[in-house]
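Written below as structure tokens is the structure these notes are about.
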Amino acid sequence: MAISEKEVKHVAWLARLGLTDAEVQKFTRQLDVILEHAGKISELNVENVPPTSHAIPLKNVLREDKVGACLTPEDALSNAPKKEDQAFVVPRIV
Amino acid sequence: MEYESVIGLEIHAELNTESKMFCGCGTHFGEAPNTQTCPVCLGLPGSLPVANAKAIEYVIKSGLAVGCGINLYSIFHRKNYFYPDMPKDYQISQYDQPLCINGFIDLDMNDYQTRIGITRIHLEEDTGKLIHIGGAGRIAGAKYSLVDFNRAGVPLMEIVSEPDIRTPEEAKAYAQKLRAVLITLGVSDCSMEKGSMRVDANISIRPKGSTGLGVKTELKNLNSFRSLQRALAYEIERQAKALNEGKPEEIVQETRHWDEAKGATSTLRTKEYAHDYRYFPDPDLVPMEFDIAYIDFLRSQLPELPNERKQRFIKEYGLPVHEANLLTESKAMGDFFEETAKLYKGDPKAVANWMLGDMSYYLNTEGLEIDETAVTPKHLAELLKLIDKGVISGKIAKEIFPEMFETGKLPQVIVEEKGMTQISDEAEISKIIDMVLEENTSTVEEYRAGKDKAFGFLIGQAMRLTRGRGNPQLINRLLREKLQA
Ligand SMILES: [Zn+2]
């Protein structure tokens, strides 16, 4: 097995996903197949190949330090389920 | 048991660019909530970040100024975590290829010098601001929280020191020196009050002489250099007490909150979660690659740095090392000194003495920075000129200073308003001395009998009659002449 149920539960929790026991089992099986497949690369000798961080041959795509248009606070908050004093309301954190 | 502390600092400084790190929103401090946001810094689906060239330049310049090597290839990573101040649920930061590595800052402590290593400087984005409602504004006990994303995405530079710092005083000196460098470079305004400079400290202790590392705690909420120093001193004592009493379990690896009013640190209760950030290269941001010519160009653009300025103060103005060190601790202090010396044209040491004496005393008492007061270089230069011209004595100047400090009136104005001009009129002083001699015949006898102390007493009497305004040199000369006559 490339991944355990315990790891799946941990990753789900990190992503704040609530999974049922059946889902945990199902995703463990599916992720296992994916990881097995991706694991094939370790059969190759890649000692002298630098890791690829980006698949496109671009570098230094930068912008000048200039101020552009912003959203109005009304627009910025338009999708917020709850707002107060022109701010997003979030449930208690701790 | 004697312990030594092992301290490392993580310093965050917001870069003072016009626009945010990955979008064109403004970066003004203190605007109404959520007025500086856009789809990019709100993390809306489909938006794409583009890095701010100026911010990258600022970080490289900062690295060069503290002797760092610059990575010619550098990338951004995503640091994943759930927290409401991050709309994307990840922060764009740097991981194993930061812009700058391996620098240092040299410190001049009072009686020794030391070098503090800098591990790395990386570039990231700031988070939004949380306002906690209920629970006295602290996160623990709050009913709910409000989020303002104006600050989210402001370019932020993190400077991580090696654990080379051994005392709270060194920690303070290091943070101050770094602040002076960044302000001199003009890359950050480094206001601890506004939160554009934030200092976190890691601290552990170990038996003196040993090389192992003890369990470390991380201190937060250090909102001033004073807090930094006090919090470290408290934590060192707390850890030493735990070890001395055989209770090492009281030192656990945790984040502790400094309470300035209570003068103590306490466990910061946040929801337990694994620091499992799952860093990975941000696919939306392509790598940065620099050629050496660009780095050399930035190096050639560096202004005179605090250490260089200190050396120049020693050479050019003939200041002692200690004074030169204090005067270059902040850019504003050094600027004030040079401006005053230029206006005054007299002995620069007199300027240094006033700045480090009376001026520093009133600044400390009022808790002000030198550029936050009504006293300008012109004020101090005029005051020194009045002393040199004999219009006022040094003693009167010391009385004028606080008034100048408070009201911003020029010294000449205060002197005239209060009639504090020094009496340098020979006839007038002569008359006063005659009075003193008449009233103190027995002291005069004593002086003539060889008692030198009597002379000082008579000088004091003459000064008293002039209410401190008599020209001391003149009184001295005339008194001696009259006694010898
Ligand atoms: Zn934005």
Side-chain angles (χ1 to χ4, degrees), chain A residues 2-4 6-19 27 31 34-35 38 41 46 49-94, chain B residues 17-19 22-27 32-39 42 44 50-56 73 75 80-84 87 89 97 128 130-135 139-149 269-271 273-274 276 278 280-281 283 285-290:
Chain A
I3 193 166
S4 67
K6 198 177 158 207
E7 282 170 299
V8 170
K9 279 186 191 161
H10 177 63
V11 172
W13 182 71
L14 286 174
R16 300 298 186 272
L17 297 172
L19 301 183
F27 291 138
L31 284 168
I34 293 167
L35 287 171
I41 199 160
V46 291
V49 182
T52 305
S53 64
H54 296 77
I56 40 171
L58 276 177
K59 60 180 182 184
N60 297 339
V61 177
L62 307 172
R63 40 175 282 275
E64 246 186 280
D65 182 26
K66 279 211 176 114
V67 176
C70 288
L71 295 175
T72 62
E74 293 72 32
D75 281 344
L77 290 155
S78 58
N79 289 327
K82 224 176 157 189
K83 50 202 145 191
E84 182 178 314
D85 295 341
Q86 211 169 292
F88 296 83
V89 173
V90 294
R92 63 183 295 170
I93 298 164
V94 296
Chain B
T17 52
E18 297 295 320
S19 65
F22 299 110
C23 63
C25 290
T27 56
N34 295 302
T35 49
Q36 296 177 143
T37 69
C38 74
L42 287 176
L44 300 187
V50 186
N52 184 334
K54 191 75 159 188
I56 296 167
Y73 177 90
I75 61 172
N80 299 278
Y81 64 94
F82 269 81
Y83 205 69
D89 287 329
Q97 282 149 306
L130 294 172
I131 300 150
H132 306 296
I133 307 297
I139 187 166
K143 278 207 253 146
Y144 59 97
S145 303
L146 302 179
V147 195
D148 168 12
F149 286 118
R269 285 182 208 291
T270 52
K271 196 176 237 173
Y273 71 97
D276 192 346
R278 293 148 294 143
F280 66 87
L285 290 155
V286 299
M288 297 168 272
E289 259 185 71
F290 313 105

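At most 12 heavy atoms of other shown residues, nucleotides or ligands fall within 6.0 angstrom of atom CD1 in A/I41. Around the CD atom of A/E64, the shell of radius 6.0 Å holds no more than 12 heavy atoms that belong to other residues, nucleotides or ligands.
Between B/Y144 and A/K82, every side-chain heavy-atom pair lies at or beyond the 4.5 Å cut-off. Annotation: side chain of B/V286 is in contact with side chain of A/I56 (closest heavy-atom distance under 4.5 Å). Side-chain contact between A/R16 and B/D89 is absent, with no heavy-atom pair separated by less than 4.5 Å. At a threshold of 4.5 Å between non-hydrogen side-chain atoms, the residues B/P33 and A/D85 do not count as touching. A heavy-atom distance below 4.5 Å is not found between the side chains of B/T35 and A/C70. Between B/Y73 and A/S53 there is a side-chain heavy-atom pair separated by less than 4.5 Å.
A donor-acceptor contact shorter than 3.5 Å is absent between the side chain of B/D148 and the backbone of A/A87.
In terms of heavy-atom pairs under 4.5 Å with chain A, the best-connected choice from B/A51, B/P281, B/C38, B/G128 is B/A51. Heavy-atom pairs under 4.5 Å with chain A were tallied for B/Q36, B/H132, B/K143; the largest tally goes to B/K143. Counting heavy-atom pairs under 4.5 Å between each of A/D65, A/L62, A/D75, A/L71 and chain B puts A/D65 at the top.
Here the closest non-hydrogen pair linking B/A140 and A/V94 is CA-CG2, 3.7 Å. Of all heavy-atom pairs spanning B/E18 and A/V67, the tightest one is O-CG2, 3.4 Å.
A/K66 touches chain B through its backbone: at least one of N, CA, C or O sits under 4.5 Å from a heavy atom, while the side chain does not. Looking at B/L146, the atoms closer than 4.5 Å to chain A (heavy atoms on both sides) sit in the backbone and in the side chain alike. Of the two parts of B/F149, only the side chain, counted from C-beta on, holds a non-hydrogen atom closer than 4.5 Å to a non-hydrogen atom of chain A. For a residue to count as touching a neighbouring chain, one of its non-hydrogen atoms must lie under 4.5 Å from one of that chain's; by this rule B/A53 touches chain A with backbone and side chain alike. Only the backbone of B/L285 comes within contact range of chain A, judged by heavy atoms closer than 4.5 Å. Only the backbone of B/P283 comes within contact range of chain A, with heavy atoms under 4.5 Å apart.
Going from atom NZ of A/K83 over to atom CG of B/N34 covers 11.0 Å, rounded to the nearest 0.5 Å. The SG atom of B/C23 lies 6.5 Å from the CZ atom of A/R63; values are rounded to the nearest 0.5 Å. A distance of 6.5 Å separates CZ in B/F290 from CG in A/N60, rounded to the nearest 0.5 Å.
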Could you give me the CA-CA distance, side-chain angles and deciding distance for B/R278 and A/V11, then say whether side-chain contact (heavy atoms from CB on, under 4.5 Å) is met?
CA-CA 10 Å; B/R278 293 148 294 143; A/V11 172; 5.7 Å; no

